[in-house]
There are 2 protein chains.
Amino acid sequence: MADVARRAGVSVATVSKVVNGRYGVAQATIDRVRQVIDQLGYEASLGAQSLRSHRTNVLGILVAEFEPFSTELLKGASHAAEGTEYQLLAWSGGNRGTRVGWERRSLARLSGSIIDGAVLVTPTVVQAPQGFHVVAVDPHAGPTGMPTVDSDNFAGAVLATQHLLSLGHRRIGFLGGRPDLESARLREAGFRHAMSEAGVKVDERFVRVGGYRPETAEGPARELLSRTRRPTAIFAANDLSAIATMEVAFSLGLTVPDDLSIIGFDNVPESALATVPLTTITQPLQRMGYEALRLLIDLIEGVDRDTHVRLPTQLVRRASTRAI
Amino acid sequence: MADVARRAGVSVATVSKVVNGRYGVAQATIDRVRQVIDQLGYEASLGAQSLRSHRTNVLGILVAEFEPFSTELLKGASHAAEGTEYQLLAWSGGNRGTRVGWERRSLARLSGSIIDGAVLVTPTVVQAPQGFHVVAVDPHAGPTGMPTVDSDNFAGAVLATQHLLSLGHRRIGFLGGRPDLESARLREAGFRHAMSEAGVKVDERFVRVGGYRPETAEGPARELLSRTRRPTAIFAANDLSAIATMEVAFSLGLTVPDDLSIIGFDNVPESALATVPLTTITQPLQRMGYEALRLLIDLIEGVDRDTHVRLPTQLVRRASTRAI
DNA sequence: ATCGGTGTCGATAACGTTTGCGAAACGAGC
DNA sequence: GCTCGTTTCGCAAACGTTATCGACACCGAT
């Protein structure tokens with residue numbers, strides 16, 4: 001900035017004013033400074049900016065891990081940042097190997113300095129530092145007052161279950177998600193609600209807890225399918241689990257959907273490409289990322305708006321379910 | 001830091017020394033300061049650190065877009081950062097809608113201040129600012145001296161072509177990638193090399209340029225498959241294009257692999273899940289991300305080592321190719 | 001001629017760190 | 001008791017910005 005000032009024959013204060021579009025500098029000076037800036041390829045130092053003004057126009061998005069689910073959110077969020085004056089920075093908490101509390105530490109390091117706010121896509125929600133804005137996506141906790149974006153997990157689960165019921169299935173298995181996640185809780189609740197509303201009793205031996213990951217789903221899926229009197233349909237709490245279930249079914253010599261109907265949840269891109277394209281409940285993941293970042297920006301800019309966004313879910317029929 | 005200093009009864013200078021493990025502070029003082037730090041949850045301000053010492057221990061990885069390919073790289077890179085003192089920040093250049101040169105600007109903004117070095121996963125490679133370390137993955141340019149990590153695209157393409165040839169195919173189509181990418185160039189070169197070495201003449205009408213993306217692959221694929229005398233096999237320059245080609249084939253009433261063999265390149269996770277699981281050339285994407293970050297760290301720390309890493313490719317046979 | 005208003009600019013303090021250097025304290029050796 | 005080396009610590013400057021405030025020039029009106 002000192003260089004720019006010297007070459008343009010003005011003071012650094014004036015350069016700063018030009019860069020930030022402040023009032024009180026002559027048009028001729030503005031043009032001159034702008035030209036020198038372009039010529040030198042000058043970019044303001046984020047560090048110094050943050051240090052002085054506590055404002056950087058950089059936002060963060062923290063994901064637990066880079067995988068399809070969060071990638072879709074990232075895509076949506078980065079799309080929302082486009083065209084605005086904000087830049088988006090993503091980082092992951094490293095693997096779950098690291099000790100608990102990493103979200104807080106990881107956030108503290110950046111929040112104090114470099115970023116003006118953050119979207120959290122992490123299993124456990126974390127207290128935001130003072131004067132720092134946070135939006136949680138699909139958060140762990142119940143209503144804490146923290147701004148959130150999620151999809152209607154309960155209604156989606158009802159949708160999925162009703163779909164299986166309408167196809168004539170009665171012996172329906174449920175493969176749950178991470179028990180500490182609100183979304184997993186709601187999906188199971190939706191399943192039970194739809195069952196009881198249809199007057200079908202839930203066979204508790206058909207309910208297993210997974211963990212949203214292929215590795216944690218395979219075991220429970222195998223249990224479910226190995227019993228002599230096995231379910232005719234399985235509702236898996238997310239697509240990755242559903243696909244894992246499908247593979248277990250294949251390995252047991254079952255065909256899908258003839259021997260077993262499977263329905264998932266999430267509609268990640270992979271599910272459409274599965275060996276048997278997966279019937280599932282779609283969450284508008286990209287849109288959730290988009291909305292989360294919009295909400296964050298509005299929060300920072302002091303816009304008065306609803307701080308809870310719930311997006312609708314929808315059934316997408318593909319080939320993995322059929323009438324009994 | 002001032003708070004910490006006050007509560008510990010020392011000066012800020014001493015706190016700084018404790019945090020950075022500098023020599024010259026008594027063990028008793030260290031313990032006292034550490035305790036206060038934990039108690040207050042103090043984290044140093046990145047901005048101030050960067051401003052003063054030009055060193056933050058934060059590394060960046062810039063991807064053109066968040067999609068499966070870069071997600072795998074991100075996963076590998078973040079894995080490499082784990083356990084080190086470095087933290088990894090990812091960001092994308094927004095969509096290709098933005099004007100050219102965004103890599104340079106985007107990089108300049110962060111490189112000057114917040115990050116010590118960066119891994120670039122972008123189509124066009126960009127000149128690194130002075131004293132700033134950069135590693136390019138699968139870069140555009142030829143050998144520019146810039147440190148790079150890539151896979152052996154040429155050998156991989158030869159592998160793919162030989163596979164098709166060994167299955168008896170002679171009328172082989174080639175669906176290229178983005179012409180401005182080195183990897184795309186090398187894959188076509190490998191294809192041609194393997195063909196000529198086998199004494200098979202390349203039918204230029206069977207060679208089409210795509211663009212690595214499903215949208216840009218569909219048109220050329222349709223051209224290739226709509227001719228009356230169509231190829232019996234297609235080598236697509238990446239998996240996304242191969243999958244798109246597969247879908248075009250289906251829409252034309254062709255079955256894979258009976259009517260048409262298809263082989264891809266990359267082995268993204270989706271390819272194993274394709275309607276007909278895709279035979280492809282695997283690049284160790286996660287490992288490439290891992291190696292790129294390791295290389296970057298070594299560069300920063302002044303380790304004397306080879307600055308070009310080339311990883312092997314391998315044929316993975318799945319169901320989308322068969323003997324003629 | 002004086003005055004007030006307006007438009008334009010620069011000097012300067014502050015943000016939270018790191019680091020070189022000097023000061024103080026302490027113990028050992030004579 | 002004095003010197004000298006060693007250990008431990010704090011002072012203060014610097015990093016690149018931004019914001020406040022005062023200086024100055026110019027103009028029109030009195």
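Labels below follow one simple rule: chain letters A, B, ... track the order of the sequence lines, proteins then strands, and each chain is numbered from 1. All values derive from a computational prediction rather than experimental measurement. Only this structure's heavy atoms are used, side chains among them; waters, hydrogens and symmetry mates stay out.
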Colleague: What is the distance, to the nearest angstrom, from the CZ atom on B:Arg52 to the P atom on D:dA13?
Modeller: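 After rounding, the gap between these two atoms is 12 Å.
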Colleague: Starting at CD of A:Gln49 and ending at C1' of D:dA19, how long is that distance when rounded to a whole Å?
Modeller: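 Distance, rounded to whole Å: 14 Å.
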Colleague: Backbone N or O of B:Thr148 within a donor-acceptor pair of the B:Asp150 side chain at under 3.5 Å?
Modeller: no
Colleague: Identify the 5'-most and 3'-most nucleotides of DNA chain C with at least one atom closer than 4.0 Å to a non-hydrogen atom of chain B.
Modeller: C:dG16 to C:dT19
Colleague: Among side-chain atoms of B:Ser50 and B:Ser113, is any donor-acceptor pair under 3.5 angstrom?
Modeller: no
Colleague: Would you call B:Glu291-B:Arg310 a salt bridge at under 4.0 Å N-O?
Modeller: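 Judged by the 4.0 Å cut-off on N to carboxylate O distance, B:Glu291 and B:Arg310 do not form a salt bridge.
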Colleague: Checking all strands, does A:Ser50 fall into the base, sugar-phosphate, or nothing category for heavy-atom contacts under 4.0 angstrom?
Modeller: nothing
Colleague: Among the nucleotides D:dC9, D:dA14, D:dG16, which one has an atom lying closest to any side-chain atom of B:Thr29?
Modeller: D:dC9
Colleague: Heavy-atom nearest nucleotide on DNA chain C for A:Gln27 versus A:Val12: which residue maps closer to 5'?
Modeller: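 Closer to the 5' end of DNA chain C: A:Gln27.
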Colleague: Measure CE/B:Met1 against P/D:dG10 and give the value in whole Å, please.
Modeller: 13 Å
Colleague: Regarding B:Arg294 and B:Asp298, does a basic nitrogen lie under 4.0 Å from an acidic carboxylate oxygen?
Modeller: yes
Colleague: Any side-chain to backbone donor/acceptor pair from A:Asn238 onto A:Asp266? Under 3.5 Å, distance only.
Modeller: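 Not at all, since once roles are kept as given, no pair shorter than 3.5 Å links the two residues.
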Colleague: Between B:Arg7 and B:Asp3, is there a salt bridge with N-O shorter than 4.0 Å?
Modeller: no
Colleague: To the nearest Å, how far apart are B:Arg55 CZ and D:dG16 C1'?
Modeller: 20 Å
Colleague: Is B:Val19 touching bases, backbone alone, or none of the nucleic acid, heavy atoms closer than 4.0 Å?
Modeller: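 No contact at all - B:Val19 keeps every heavy atom at 4.0 Å or more from the nucleic acid.
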Colleague: How far does the helix from C:dA1-D:dT30 to C:dC30-D:dG1 bend, going by the axes of its first and last five pairs, to the nearest 10°?
Modeller: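 What I find for the helix from C:dA1-D:dT30 to C:dC30-D:dG1 is an axis angle of 60°.
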Colleague: Between B:Ser53 and B:Thr14, which residue's closest nucleotide on DNA chain D lies nearer the 5′ terminus?
Modeller: B:Thr14
Colleague: Can you tell me if A:Ser16 touches the phosphate of D:dT18, counting only side-chain N or O atoms and a distance under 4.0 Å to OP1 or OP2?
Modeller: yes
Colleague: Take the protein atom NE2 of B:His54 and the nucleotide atom P of D:dA14, then report the distance between them rounded to whole Å.
Modeller: 14 Å
Colleague: Nearest whole angstrom, please: distance from the C1' of D:dC15 to the CG of B:Leu51.
Modeller: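 Rounding to the nearest Å, CG of B:Leu51 and C1' of D:dC15 are 4 Å apart.
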Colleague: Around B:Gln35, counting heavy atoms of other residues, nucleotides and ligands shown, do more than 12 lie under 6.0 Å from its CD?
Modeller: no
Colleague: So, B:Thr56 versus B:Asp116: side-chain donor-acceptor pair below 3.5 Å or not?
Modeller: yes
Colleague: In whole angstrom, what separates B:Lys17's NZ from D:dT8's C1'?
Modeller: 8 Å
Colleague: From C-beta outward on B:Tyr23, which listed nucleotide comes closest to its side chain: D:dT7, D:dT17, D:dC9?
Modeller: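 Shortest atom-to-atom distance from the side chain points to D:dT7.
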Colleague: Is there a side-chain contact between A:Ile300 and A:Phe132, using heavy atoms and a 4.5 Å cut-off?
Modeller: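 No - every pair of side-chain heavy atoms lies 4.5 Å or more apart.
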Colleague: Using the test ring pair (Phe, Tyr, Trp, His ring centres under 6.0 Å), find all partners of B:Tyr290 that sit at least two apart in sequence or belong to another chain.
Modeller: B:His79
Colleague: Within this structure, what is the CD1-to-C1' distance between B:Ile30 and D:dT7, rounded to whole angstrom?
Modeller: 12 Å
Colleague: For B:Ala26, report the nucleic acid contact type (base, sugar-phosphate, nothing); a contact means any heavy atom under 4.0 Å.
Modeller: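 B:Ala26: backbone/sugar contact only, no base atoms under 4.0 Å.
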